[in-house]
Amino acid sequence: MITSLPVTETPADQIPAQDLGFGLHFADRMFTQRYLRTRGWHEATIGPYAPITLDPAAQALHNGQMIFDGTKAYRRPDGDINLFRPERNAQRFNRSAARMGMPEVPEALHVEAIRELVRLEARWVPHAPQTALYIRPVMIATEKALSIRAPAEYLHYIILSPVAPYFAGGFAPIAVHVPHAWVRAVRGGTGEAKTPGNYAGSIVATEEATALGYQQVLWLDALERRYVDEVGAMNIAFVYADQTLRTPELSGAILHGVTRESVLVLARDMGLDVREERIDFFAVCEDIAAGRITEVFGMGTGAVIAPVGRLGYQGRDIVVGDGQPGPVARALHETLTGIQFGLRPDPYGWTQTIRVRS
Ligand code: COI
């Protein structure tokens with residue numbers, strides 16, 4: 001049972017689509033619930049979006065016990081709203097919680113909170129093509145204690161942000177830098193959890209990439225610095241001229257992307273030979289140079305499908321194909337977004353429609 005508090009509504013339609021950016025504006029309401037070891041989850045509430053008060057000794061601030069996730073709500077042509085596989089995000093949220101020693105949230109309540117929040121904030125779901133309402137669930141450890149142990153108190157909250165695609169250029173190809181000095185995650189570490197530390201550790205490498213003229217970082221494995229893991233904000237896939245699509249296996253060091261999982265299903269159904277396996281970055285470079293790899297693209301909730309036009313490693317640039325988006329990325333993007341926005345049938349049962357037309 002979710003309690004709803006009164007909220008002052010602000011006009012959502014005053015943000016022009018070109019000013020949305022990613023995660024800059026927030027809807028008027030948020031969902032919160034609290035956890036006490038002695039009481040379990042309680043006080044599920046939808047109330048005003050507002051700052052949260054934390055004790056300066058809250059364990060999240062010291063031990064970094066925090067997780068988040070991301071999913072989106074899409075405006076359909078008939079005005080109603082689609083959610084895309086919210087239960088998969090709830091499951092991934094709980095997978096992250098388990099890895100970080102945090103309590104799981106009841107999945108049905110998590111999805112109900114998303115549905116109810118989106119229904120109440122329907123006016124925040126933008127109408128412009130390729131824009132959406134990004135849904136960001138978070139959990140933080142709130143108990144006041146400096147010792148390193150599983151806390152007894154947590155806050156779970158969900159906020160909403162109307163967004164354009166993560167990359168300002170939309171479907172324009174991005175340039176990706178492969179750092180030599182840093183690694184993101186190691187098998188057995190926290191790489192497959194969506195926990196802020198993984199992202200904090202990536203910022204210096206992303207800054208370096210930006211200074212060198214790239215938009216993202218492609219991480220190699222931490223042990224041999226040879227095998228492809230993932231890109232900063234998304235998973236990655238390689239398309240070969242023989243119609244094979246390869247993506248790194250879920251090794252424990254990379255994220256279980258819901259977009260990744262969906263794209264692999266679509267790619268199989270398009271007739272591609274899909275393989276999830278260990279991918280040698282140096283073989284990738286040779287395969288791109290020889291024309292055996294014809295396309296590289298990233299896939300994630302924020303980024304959707306982002307073609308990679310250029311990879312940079314130790315001062316050398318490798319252009320993928322002619323540097324432009326390829327037909328496979330284009331077809332996957334069109335099919336995936338077509339399903340998400342309700343522009344084409346959803347034979348997979350991935351979407352849930354929230355009726356908001358009066
Ligand atoms: C997402 O795609 O949902 C993410 O969490 C990646 C983030 C960098 C926007």
Side-chain angles (χ1 to χ4, degrees), residues 20-27 66-74 82-97 99-100 110-111 114 117-118 125 130-140 157-171 174 176-177 184-185 190-207 209-210 214-219 229-237 247-248 250 253-264 297-308 332-333 336-337 340 350:
L20 281 180
F22 189 90
L24 302 175
H25 308 276
F26 294 92
M66 299 183 251
I67 57 166
F68 70 94
D69 215 287
T71 182
K72 279 178 175 170
Y74 305 86
N82 273 353
L83 297 179
F84 185 74
R85 311 187 77 182
E87 68 295 337
R88 295 298 290 138
N89 282 85
Q91 287 158 9
R92 185 172 64 175
F93 192 67
N94 276 341
R95 173 188 278 276
S96 298
R99 174 60 187 88
M100 301 304 288
H110 184 92
V111 174
I114 289 175
L117 204 47
V118 170
V125 181
Q130 303 303 324
T131 61
L133 186 66
Y134 186 76
I135 301 161
R136 172 55 67 95
V138 179
M139 193 200 303
I140 58 176
Y157 64 87
I158 305 174
I159 53 177
L160 306 174
S161 173
V163 296
Y166 189 76
F167 297 110
F171 198 62
I174 57 164
V176 170
H177 187 241
R184 172 185 175 273
T190 59
E192 69 173 15
K194 234 169 148 48
T195 188
N198 292 336
Y199 294 85
S202 77
I203 287 171
V204 64
T206 310
E207 290 289 293
T210 309
Y214 302 87
Q215 283 115 312
Q216 281 280 292
V217 167
L218 170 64
W219 296 106
D229 270 355
E230 65 179 35
V231 182
M234 55 202 178
N235 296 111
I236 189 154
T247 193
L250 297 174
I254 71 168
L255 279 167
H256 291 223
V258 178
T259 307
R260 172 189 181 280
E261 184 183 299
S262 309
V263 164
L264 298 190
F297 62 85
M299 44 200 170
T301 300
V304 194
I305 289 181
V308 175
L332 287 167
H333 183 266
L336 178 68
T337 57
Q340 290 170 329
W350 285 339

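Whatever order the structure lists them in is the order used to number ligands and atoms, beginning at 1.
Which parts of ligand 1 touch Phe22 is read off a 4.0 Å heavy-atom cut-off, strictly below it: atoms 9 (C). Atom numbering of ligand 1 starts at 1 in the shown order; those under 4.0 Å from a heavy atom of Phe68 are 5 (O). Each of the atoms 1 (C), 2 (O), 3 (O) of ligand 1 lies under 4.0 Å from some heavy atom of Gly302. Atoms of ligand 1 lying under 4.0 Å from at least one heavy atom of Ala233, given by number and element, are 6 (C), 8 (C).
When heavy-atom distances to ligand 1 are checked against a 4.0 Å cut-off, Met234 has no atom that comes that close, whether in backbone or side chain.
Using cut-offs of 30° and 60° on the angle between ring planes, the pair Phe84 and Tyr74 is perpendicular.
Here the protein heavy atom with the shortest distance to atom 3 (O) of ligand 1 is Tyr134 OH, 2.6 Å. Protein heavy atom nearest atom 5 (O) of ligand 1, with residue, atom name and distance: Lys194 NZ, 2.8 Å. Arg136 NH2, 4.2 Å is the protein heavy atom nearest to atom 7 (C) of ligand 1.
Taking 4.0 Å as the cut-off between side-chain N and carboxylate O, Glu261 and Arg85 count as a salt-bridged pair.
The shortest heavy-atom contact between Ile67 and Met100 is CG2-CG, 3.7 Å. When all heavy atoms are compared, the tightest approach of Met299 to Ile236 is CE-O, 3.7 Å.
Donor-acceptor pairing under 3.5 Å is lacking for the side chains of Thr259 and Asn235.
Atom OH in Tyr134 sits 9.5 Å away from atom CD1 in Ile159 (nearest 0.5 Å).
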